[in-house]
Amino acid sequence: MSRQPITSRRRSPVSRERDLGTRRERYVLHNELWYETFTHRDQILVRWEKVLREGSELLGPKTAAGARTAETAEFFAFLQREMLGIMDRWTAYREARGAEFSS
């Protein structure tokens, strides 16, 4: 039986769908949206790191403000590396569990 989305096309973790020809509605949880959200978050971390590194250079790496900004840039670089590792481990974990997630 085919389903028809009821909600707008805006990306949301949950949508409402209706079986064609019925009044029954069901709510669908879109699991992949969370993965996509965190993957795109990585791009934001890269941008912040770049801006902070540029700011550190402008302020002067030997100044107190420049050193703090450089350390914050390093923190964002750390987050980015860790997030990539977490997403890789999640993919491996999910593949190992396989059928449990597909039902």
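Listed for the Ser56 side chain is a donor-acceptor partner under 3.5 Å among the backbone atoms of Gly66.
Ion pairing of Lys50 with Glu54 is present here, as a side-chain N (NZ or NE/NH1/NH2) and a carboxylate O approach within less than 4.0 Å.
Linking ILVMFWY side-chain heavy atoms closer than 4.5 Å, directly or via other members, places Leu45 and Trp48 in a single hydrophobic cluster. In terms of hydrophobic clustering, with Ile, Leu, Val, Met, Phe, Trp and Tyr side chains grouped at heavy-atom distances under 4.5 Å, Ile44 and Leu52 are assigned to a common cluster. Leu84 and Trp90 are members of different hydrophobic clusters when ILVMFWY side chains are connected at heavy-atom separations under 4.5 Å.
Here Thr69 contributes atom OG1 and Arg53 contributes atom CZ; the two are 11.5 Å apart, rounded to the nearest 0.5 Å. For the atom pair Arg94 CZ and Met87 CE, the distance stands at 10.0 Å (nearest 0.5 Å). Here the CG-CD1 distance, from Leu79 to Ile86, works out to 9.0 Å after rounding to the nearest 0.5 Å.
Using a 4.5 Å heavy-atom threshold, the side chains of Arg26 and Arg18 count as separate.
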Given Tyr93 and Arg97, is the side chain to side chain donor-acceptor pair (under 3.5 Å) satisfied, shown in steps?
CA-CA 6 Å; Tyr93 174 81; Arg97 303 243 346 233; 2.2 Å; yes
